[in-house]
Every structure is written in structure tokens, then in C-alpha cells.
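First up is the structure itself, then whatever we jot down about it.
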Amino acid sequence: MTKIASDERPVVSILTLGCKLNQSDSERIARRLAGEGVRVVDRMVPGVWGVIVNSCSVTHVADRKARRLVRQARKLSPDAQIVLTGCYAETAPADIAAMTGADFVLRNLEKPQIADRLLEKLAKDGDPAAGCPTPRANPLRTRAFVKIQEGCNELCAFCIVPYTRGREESVPIEDVVQQVEARETEGVLEVVLTGTQLGNYGRDLGWTREEQGPRWLLAELLARTSVPRIRLSSLQAQDISPELLDLWRDERLCPHFHLPLQSGSDAVLGPMRRRYTSAEYRDAVSLIRERVPNVAVTTDVIAGFPGETAADFEATLSLCQEMGFAAMHCFPYSRRPHTGAEQMRGHLPPSIRRERLERLLAVAERSSIAFRQSLLGQTAMVLWEAPDSRLPSSNFLLPGAERQEVASGLTGNYVRVYTRAIAARQNSLRRTRLTGLHADGMLGELSEDANGKH
Ligand code: F3S
């Protein structure tokens, strides 16, 4: 296809909901479009030529968000080509296109065709979207999401993902290495390896648990690439072993483990079909803390799974307090179609689920504050991103600063750090002193000069 001249490039907004798997899918589509000269933004802007809503269906709230985004996009860009894809597109009712105003509803499996379909349409449309707003700097640099595995074979009773994403399928090591090398060449400084069950990496390629697919993959990436940071999006408690953790001696692996807990009661973990007990979870976290300095452990917890008693919930609260998580994603249980729990007995009324959620959120807040307070005065390497004009609320602004004057970045242990944009160097790893708590993260002062020297 002939590349489009730069002064008439149309804008496609890609709006991503849900997990890091969706983020890596969106990045792939964005790269393909950008490669053909299409300007891509990762936020809602009026008057665009195309919109892709990459949806999630993990709760009914996620479904609602997807529908709302499509409607908003239609309102702001009445003539746009609107694509609804992602996990909600897998479960959405047949009349969803008519309900929301989407032009195409495409399933997860059809994602690789989205860019081509838009590009074909664009070729037919001729003169595209004049007067589109100029997007901020290319959002693809700094951090990149590389999918190493798709699908899930685990069938946890609450989870719709095996239905929306199908069976596990690992990306061969050679392909992953090539993708990471390509990102490195583009100047990406952090690669986030994504998948639903990273600990099962390689099983479908014939490797046994003993052969430890994720360990092999990480060892190869460390040996054959030199991207400064590699982060794993999540692991399960049963995946943690001393051999795997030995790899974290290499500081390029981020000291951040997202280890979903879901419940702290064995009486709930069983029916949830999780593969660990609360004691095994506790042991996994202790092992991580023993072997990985400055580590952040983050988690997911569900409030009000069917049959969860008050005592079960107290066990969850108490384990969460004991674990001192750096961050917790807490959700009220949401009844999802096609899941084992859908037909279980003992579904709890929304008021109880909400009340338990509130109590979990209070623990999460205290825990996150305590973790960040433990870092006060320390120096950390922060990967600074583009000055952020999308900061979600005034809580994120520094006193007296305008939105575009605030930059933010991430530490290796996943703390968001804010500073004045003028002091930060976009897309650079800089030694930074953590001076205070701010909004969801911390304030930082760069302790290197512009050449990266102390
Ligand atoms: Fe949501 Fe699908 Fe990810 S349901 S959490 S976007 S796998």
C-alpha cells in the first residue's frame, strides 16, 4: 500500500480496557497502522477518522465501560469508523453493533485483521480526516508490551478469560527474542512480558513443569538482548521457585511480582479452583522477599465469591494485612457467563460484596502508603515517560503546575513517580531521589545532571 503523506495522515484512537494482554494487542495494531503512516493516539479525541475500542469483560462493569466508550466515540466523531474488539466482543449480544453504533465487532482472534481492514477502508475513502488534532509524542516508546503467551487452560471458577481467549498458546522463544530486539532498536527501555499464565509458558510446546519454560525464556532474553528492563506482568504462587528467583540476580529483571491472591481462605480457594493454599501463597511471598531485594509484591483480590462466609472474608483481610502488598486490585465478585461459578449456590447480595470491597480497599490504601513510606529518602532508577497531558485528576498535579508540566515514570518496583516535566528527560532511565508521597505514587527529584552523571 502507498504510504499516506504526512500532512494528511488520519488519526486513529485506540482505547484499551482490561489487562496487559489487551495492551500488547493494541500496541501491535498501533505499530501496523503507524507503519503505514497513520497517526495513532491512545486516548479519546474528537473528530478522528477511526476508533478502536479494545474491550475487557472481566466484570459486568468492564462490559458497561466498553459500551460507553463506543457511544462516546460515536458522539465525538460521528463519521468515524468504529471497531469494537477484545474480550467483550467475544461475549457481547448479537445486536451490540446496532446498540452502540460500532461499525465492526471483531473477536480476539480477528484482531490481527483490524489494521488491514481499516487500511483498506482508508484507501477507499480517499481524502481522510482533515483538521484532526495533533497527537502528543508517539505513545509507543519508553515501555512496550510483548505477548509471550495467549489463552488459559486453568478454568478458575470466577474467570471468563478461558472462554474469551481460548487455550494456552506460547510464542516460541525465537519469536519473543526477535520482538524484544526490535523494541530495543526502536529505543524502548522497558519490555513487559504479558500472557494469562506466564508460569505455564512452554507447556503447549511440549515442556514439562520441571523444565520450567518461563525460566528458560527469561535466561535467553537476559543472555541475548540488552533491553535495560524486563518486567513480568504476573505469575501465580505455584510458579515461584528458588531456581526461577535466582535469575533476579540480574538487575535488568524488575523487582516486581504480581501474584494474584483472590482469597485468603482455603475454603474459598478450593471452589475457586486456584492451585495453591493460603499457606503456599504465604511461602511463595516469603521466598520472593528473601531472594529479591527492594521487591514490590502486588495482587488481585475478589470480595464476595459465592459461598464466602464472614470468617472466610476475615481470613482474606488478615492475610492481606500480613502480606503488606505494594498495591492491591480489589474487585467485587461479578457473575460472568460461561464460568464455573455462574451456577454455584451461595451467591451473595451486592450489598455484602460492596461492604467487603470497601474493607479491602481500606487495607489496600494503608498497605500501599506503608510500602511507599518505606521508600522515602531512597534513590531509585526511574524510567521517565512523556510529559503527561492525560493525568486523570487534579490529585496528580503538583502544586502550581499545569497538566502538561508534570512528568511521571516508574521505578523498577512499580511505583509511579512524579516530577516537573522540565526536570525529567523523556524516555530516559534516571537516578531519582524519592522525596514524598503523592497521589497514587511518590514525588521525585532527579539526582543526575542532563548527561546522566551524578
Ligand atoms: Fe479482561 Fe480479557 Fe484481559 S477479560 S482482563 S481483557 S484477558
Side-chain angles (χ1 to χ4, degrees), residues 14-30 42 51-70 83-93 96 100 102 105-112 114 143-171 192-201 204 231-236 258-262 272-274 298-303 305 327-342 357 414:
I14 304 186
L15 311 171
T16 309
L17 298 169
C19 64
K20 294 189 167 74
L21 263 184
N22 255 12
Q23 294 190 34
S24 66
D25 290 344
S26 290
E27 268 194 23
R28 199 169 258 259
I29 299 169
D42 57 0
V51 180
I52 300 169
V53 175
N54 191 3
S55 65
C56 171
S57 188
V58 77
T59 60
H60 66 276
V61 177
D63 292 354
R64 203 187 300 146
K65 272 189 197 161
R67 290 192 296 267
R68 203 168 45 216
L69 279 183
V70 176
V83 181
L84 171 64
T85 186
C87 293
Y88 178 52
E90 297 284 330
T91 60
I96 188 69
T100 58
V105 178
L106 297 175
R107 304 182 55 189
N108 276 326
L109 272 176
E110 295 171 299
K111 276 179 178 169
I114 291 176
R143 299 174 78 220
F145 296 86
V146 171
K147 194 195 294 189
I148 66 166
Q149 183 227 29
E150 177 62 275
C152 181
N153 295 356
E154 293 290 332
L155 299 176
C156 294
F158 52 82
C159 187
I160 198 170
V161 170
Y163 178 80
T164 59
R165 294 267 176 185
R167 307 280 297 169
E168 285 171 14
E169 218 176 294
S170 305
V171 179
V192 185
L193 303 179
T194 66
T196 316
Q197 293 294 341
L198 297 188
N200 292 354
Y201 177 82
D204 54 296
R231 192 184 296 279
L232 250 59
S233 62
S234 68
L235 283 170
Q236 301 290 348
H258 186 74
L259 225 57
L261 169 65
Q262 310 301 10
M272 277 182 167
R273 300 204 205 113
R274 302 293 288 172
T298 58
T299 201
D300 301 328
V301 189
I302 294 174
F305 184 75
M328 292 167 58
H329 300 143
C330 310
F331 304 91
Y333 168 75
S334 181
R335 191 178 202 147
R336 306 309 293 139
H338 317 287
T339 61
E342 188 191 8
L357 175 69
Y414 212 55

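Only this structure's heavy atoms are used, side chains among them; waters, hydrogens and symmetry mates stay out. Remember, it's 1-based here, ligands and their atoms both numbered in the order they're listed.
The aromatic rings of Phe305 and Phe158 sit perpendicular to each other, their planes meeting at more than 60°, with 30° as the lower class boundary.
Taking the ring pair (Phe, Tyr, Trp, His ring centres under 6.0 Å) definition, one finds that Phe331 meets it with nothing, sequence neighbours left out.
Around atom 3 (Fe) of ligand 1, the protein contributes the following N, O or S atoms at distances under 2.8 Å: Cys19 SG.
Tested against Tyr88, the residues Leu17, Ile96, Thr164 include a single side chain to side chain contact (heavy atoms under 4.5 Å, CB included) partner, Ile96.
Side chains of Arg336 and Ser57: a donor on one and an acceptor on the other come within 3.5 Å.
Nearest heavy-atom pair across Lys20 and Ser233 is CD-CB, 3.7 Å.
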| request: Mind running side-chain hydrogen bond (donor to acceptor under 3.5 Å, both in side chains) on Ser334 and Thr59 for me, showing each step along the way? | output: CA-CA 5 Å; Ser334 181; Thr59 60; 4.9 Å; no
